[in-house]
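No hydrogens, no waters, no symmetry mates; every other heavy atom, side chains included, goes into these values. Labels below follow one simple rule: chain letters A, B, ... track the order of the sequence lines, proteins then strands, and each chain is numbered from 1.
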Protein chains: 2
Amino acid sequence: MAERLSLSQAPCPVARSVDLIGDRWLLLILRDAFDGSRRFSEFQRGLGMARNILSDRLRRLVDGGLLTIQPASDGSAWQEYVLTERGYALFPLIVALRQFGESELFSSGEAHSQLLESASGQPLAALRVLNQQGEEISADLTHVKKIT
Amino acid sequence: MAERLSLSQAPCPVARSVDLIGDRWLLLILRDAFDGSRRFSEFQRGLGMARNILSDRLRRLVDGGLLTIQPASDGSAWQEYVLTERGYALFPLIVALRQFGESELFSSGEAHSQLLESASGQPLAALRVLNQQGEEISADLTHVKKIT
DNA sequence: CCGTATCCATTCCGATACTG
DNA sequence: CAGTATCGGAATGGATACGG
């Protein structure tokens, strides 16, 4: 699979991001990490996934610099997986996934979990794509300038 | 694979989004769709992927309501795959992938393709997660309220 | 409790050949 | 050009057994 290497070296930032996190388990693990999960079994139970797969995905995330391993906060001899600064940089992406799901994949009135600002208890504002002047920009007002 | 069904019915919007687009090829196809690709071979050449896989992924995107099939704009008897309104709702997500890649996955000075506002030729503003008052919110000031 | 190792079934992927 | 059909190899996923 020459694929793996070529994507991670691609001149397109989307391709590199997809190479790093474009996998269903990785995205769900990251969601849980943002939601406060830190322990192996916490991820495992929350996601209901096989432990060998979880082990593999956690390693990928650590290797990719999105999670780091820390000694457990309780007395136990084990470790915890916590988001790095690079990991936190994925927050807008997770929010985008969440808001897309909320607005497009639930029928009206259907209940779903919600991301709230802790201080106010209110949901966040919808993400908006803005230009440098702070004006909202739709996709058709943009274009990709390829690297030559 | 009970997985497929359970995720698409999950009470978490992130899970449903991941179920729909949490795949490397799907995300890259969508990137190219936002970049103007419409024809089968356009996607195929741009991505260098096997045609049977592309066929499968395009079908998934059409079934998921993200793309729709239209008669070709030139005289040919073929069809084009264009983003639906639901597909356009993924714009912030694609932008998030791009900006994460730009800021985290390129060394400084390394060249990469860029998404520009067509009118001004300038890059877009960085996505920000805001509360209802328009104040920027970091991940640790939020929490997920689970559905009961 | 925290993982790793192994086994087996399923899926995915790329290459190729084929049809309209 | 725009796909579909098939085939073999690789990767993935779940279950389980095992060791720290």
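The side chain of A:N52 lies closest to D:dG14 when the candidates are D:dG14, C:dG3, D:dC1. Residue B:I53 has its side chain nearest to C:dG14 when only D:dT12, D:dG3, C:dG14 are considered. Relative to the side chain of B:M49, the nucleotides C:dT16, C:dG14, C:dC2 differ in distance, and C:dG14 lies closest. If you check C:dT16, D:dG14, D:dC1 against the side chain of B:S41, the one that comes closest is D:dC1. Comparing D:dG14, C:dG14, D:dG3 by their closest approach to the side chain of B:W25 singles out C:dG14. Comparing C:dG3, C:dC13, D:dG3 by their closest approach to the side chain of A:F40 singles out C:dG3.
Across all strands, B:R45 comes closer than 4.0 Å to no nucleic acid atom at all (heavy-atom distances). Residue A:Y81 is classed as a sugar-phosphate contact, given heavy-atom separations below 4.0 Å to backbone atoms only.
Side-chain contact of A:Q44 with A:S41: a donor-acceptor pair under 3.5 Å is absent, judged by distance alone.
Applying the 4.0 Å criterion to OP1 and OP2 of D:dG3, one finds that B:Q79 has a side-chain N or O inside that range. A close approach under 4.0 Å does occur between a side-chain nitrogen or oxygen of B:R57 and OP1 or OP2 of C:dC13. Remark: A:R39 is not in phosphate contact with C:dC1, judged by side-chain N or O atoms under 4.0 Å from OP1 or OP2. Taking only side-chain nitrogens and oxygens, A:R51 never comes nearer than 4.0 Å to OP1 or OP2 of D:dA15.
When each of A:I94, A:V95, A:L115 is tested with B:V129 by the rule side-chain contact (heavy atoms from CB on, under 4.5 Å), just one qualifies, namely A:V95.
Note: CZ (A:R60) to C1' (D:dG13) measures 12 Å, nearest angstrom. Distance, B:R59 CZ to C:dC12 P: 13 Å, rounded to whole Å. Residue B:R38 contributes atom CZ, which lies 14 Å from atom P of D:dG3 at whole-angstrom precision. Here D:dA2 presents its C1' atom at 12 Å from CD1 of B:I69, a figure rounded to the nearest Å. As a whole-Å value, the separation of A:D23 CG from C:dT11 C1' is 14 Å. The CG atom of B:L58 sits 16 Å away from the C1' atom of C:dC13 (whole-angstrom rounding). Counting to the nearest Å, the P atom of D:dC1 and the CG atom of B:L54 are 14 Å from each other. Here the P atom of nucleotide C:dG3 and the CD atom of A:E42 are 12 Å apart, to the nearest Å.
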Can you run through DNA chain D from 5' to 3' and write each base as (, ), [, ], | or . depending on how it pairs? Watson-Crick or G-U wobble, both distances under 3.5 Å.
-> ||||||||||||||||||..

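The two residues B:L90 and B:L30 have their closest heavy-atom pair at CD1-CD1, 3.7 Å. Between A:R86 and A:G64, the shortest heavy-atom distance links the atoms NH1-O, 3.0 Å.
Looking at B:T142, its side chain never comes within 3.5 Å of a backbone N or O of A:L116 through a donor-acceptor pair. A distance-only check finds a donor-acceptor pair linking the side chain of A:N131 to the backbone of A:G134 [under 3.5 Å]. Judged by distance alone, the side chain of A:Q132 and the main-chain N or O of B:P123 form a donor-acceptor pair under 3.5 Å.
A cation-pi contact, defined as under 6.0 Å to the ring centre and within 45° of the axis, links A:R16 to B:F106.
Residues A:D56 and A:W78 both approach DNA chain D. Their nearest nucleotides, taken by heavy-atom distance, put A:D56 toward the 5′ side.
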